[in-house]
Amino acid sequence: QVQLVESGGGLVQAGGSLRLSCAASGRTFSSITMAWFRQAPGKERDFVAGITSNGGGTSVDSGKGRFTISRDNAKNTMYLQTNSLKPEDTAVYYCAANRGYIRSDPTYYNYWGQGTQVTVSS
């Protein structure tokens with residue numbers, strides 16, 4: 001079992017930055033693939049970025065050039081650095097985990113956090 005807890009969300013003006021964190025419990029963190037998703041009201045949950053277990057492979061979909069995903073296996077924590085935020089980035093951001101490859105399909109992931117709200121004002 002893996003438990004995930006996100007933090008770092010908040011209200012920010014357009015052009016600002018936030019660093020989201022996802023803390024994981026358990027001793028298997030270093031062996032699992034991690035990902036960030038986001039969901040705006042009335043919309044589907046979209047893939048944002050993913051990172052392999054050793055951090056050697058990353059994939060960024062939403063916010064290309066503005067978002068950076070990373071992880072610190074010694075701290076059991078994954079991060080999403082979001083820069084140059086836009087109002088359309090407003091959503092609840094979720095972290096997710098599973099073994100295997102990075103995938104953009106949310107149904108592939110077995111473990112989810114509760115989400116952290118990011119609101120970007122214009």
Side-chain angles (χ1 to χ4, degrees):
Q1 287 286 343
V2 177
Q3 292 184 327
L4 305 174
V5 179
E6 302 96 335
S7 62
L11 174 63
V12 64
Q13 290 186 333
S17 300
L18 286 173
R19 189 194 196 200
L20 308 183
S21 298
C22 174
S25 66
R27 293 178 288 179
T28 61
F29 181 78
S30 61
S31 65
I32 56 177
T33 294
M34 301 289 294
W36 287 99
F37 287 79
R38 67 184 183 184
Q39 188 167 20
K43 296 189 176 181
E44 295 183 347
R45 190 166 296 191
D46 292 331
F47 175 79
V48 176
I51 187 166
T52 55
S53 58
N54 63 2
T58 61
S59 175
V60 179
D61 189 357
S62 303
K64 285 183 177 178
R66 299 186 294 119
F67 294 179
T68 303
I69 188 171
S70 62
R71 66 190 294 165
D72 185 340
N73 286 348
K75 295 182 178 180
N76 279 17
T77 303
M78 174 181 66
Y79 305 98
L80 184 70
Q81 178 67 43
T82 64
N83 299 325
S84 301
L85 285 163
K86 305 174 181 180
E88 51 264 43
D89 294 319
T90 295
V92 177
Y93 284 69
Y94 297 92
C95 66
N98 207 345
R99 300 186 185 274
Y101 301 106
I102 298 171
R103 302 210 179 160
S104 61
D105 182 353
T107 64
Y108 173 73
Y109 294 85
N110 288 340
Y111 304 105
W112 290 88
Q114 83 289 350
T116 185
Q117 176 71 48
V118 171
T119 303
V120 184
S121 63
S122 58

- prompt: Hey, mind stepping through T33 and N98 against side-chain contact (heavy atoms from CB on, under 4.5 Å) and telling me if it holds?
  reply: CA-CA 5 Å; T33 294; N98 207 345; 5.7 Å; no
For the atom pair [atom1] ([X]) and [atom2] ([Y]), what is the distance rounded to the nearest 0.5 Å?
X    : Y   : atom1 : atom2 : value
N76  : C22 : CG    : SG    : 10.0 Å
F67  : L20 : CZ    : CG    : 8.5 Å
R71  : I32 : CZ    : CD1   : 6.5 Å
R38  : D89 : CZ    : CG    : 4.5 Å
T116 : Y93 : OG1   : OH    : 10.5 Å
N54  : S31 : CG    : OG    : 11.0 Å

field: Verdict with reasoning, T28 to R99, per side-chain contact (heavy atoms from CB on, under 4.5 Å)
entry: CA-CA 10 Å; T28 61; R99 300 186 185 274; 4.0 Å; yes
Answer yes if [X] and [Y] sit in the same cluster of Ile, Leu, Val, Met, Phe, Trp and Tyr residues linked by side chain heavy atoms under 4.5 Å apart, and no otherwise.
X    : Y    : result
W112 : I51  : no
F37  : Y108 : yes
F29  : I69  : yes
Y79  : V48  : no
V118 : M78  : yes

Distance-minimising heavy-atom pair for [X] and [Y]:
X    : Y    : result
M34  : A97  : SD-CB, 3.4 Å
A49  : L80  : CB-CD1, 4.3 Å
Y111 : V2   : CD2-O, 3.4 Å
L4   : Q114 : O-OE1, 3.7 Å
S30  : S53  : O-CB, 3.3 Å

- request: Could you list the residues that satisfy salt bridge (charged side-chain N to carboxylate O under 4.0 Å, His left out) with R103, not counting sequence neighbours?
  value: none
- line: The ring pair (Phe, Tyr, Trp, His ring centres under 6.0 Å) partners of Y94 (sequence neighbours excluded) come to none
Going by atom type alone, with no hydrogens or angles, which donor-acceptor pairs under 3.5 Å involve a side-chain atom of residues 7-18 and a protein atom two or more places apart or on another chain?
from	atom 1	to	atom 2	distance (Å)
S17	OG	N83	OD1	3.0

- request: For the residue pair R66 and T82, establish whether any side-chain heavy-atom pair is separated by less than 4.5 Å.
  value: no
task: For Q3, look at atom CD and say whether over 12 heavy atoms of other residues, nucleotides or ligands are found less than 6.0 Å away.
output: no
task: Keeping the roles fixed (side chain from Q81, backbone from T68), state whether a donor-acceptor pair exists under 3.5 Å.
output: no
